[in-house]
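Only one structure is covered here, and it is reproduced in the block below.
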Amino acid sequence: MGSYPLLPLPRRKGVTFGRPTKLNAKQRGMLAERYAKGETMAALAREFDVSEPTVWRALRSSPGESRGAE
C-alpha cells in the first residue's frame, strides 16, 4: 500500500518536507513592514538577494500586512 500510513509519524515529530525557504520568519516580517512603508518589491528583492516573486509570496504569507487602501 505504499508509504502513506507512515507519513503522519514524521510530521508529528516536526519533520518538514519540500524545498527550504529562502527567507526566515523574521526576514518575512521585515519585508512586510518595509513594503507597508512604501519600499518597492524590486528594491526589497535586491536587498534580500531573492527574486521579486519570492518577495510577493512572502508578503502574501504575512497575515494582516498590506499596502492596500484602508
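All values below come from the heavy atoms of this structure, side chains included, with hydrogens, waters and symmetry mates left out.
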Under the criterion side chain to side chain contact (heavy atoms under 4.5 Å, CB included), which of L31, D49, V55 is the partner of L23?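 One option only clears the test, and that one is L31.
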
Got F48 and M30 here, is their nearest side-chain heavy-atom distance under 4.5 Å?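 Answer yes - side chains close enough.
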
Would you please name every residue forming a salt bridge (Lys or Arg N to Asp or Glu O under 4.0 Å) with R34, sequence neighbours left out?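 Partners of R34 by the salt bridge (Lys or Arg N to Asp or Glu O under 4.0 Å) criterion, ordered by chain and then number, come out as E39, E47.
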
For S51, enumerate each residue passing the side chain to side chain donor-acceptor pair (under 3.5 Å) test, keeping only those at least two apart in sequence or located in another chain.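 Here the qualifying residues are T54.
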
Rounded to the nearest 0.5 Å, what separation is found between the CD atom of E52 and the CZ atom of R46?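 Taking CD in E52 and CZ in R46, the distance rounds to 8.0 Å.
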
For N24, does the CG atom have more than 12 heavy-atom neighbours from other residues, nucleotides or ligands under 6.0 Å away?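 Above 12, so yes.
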
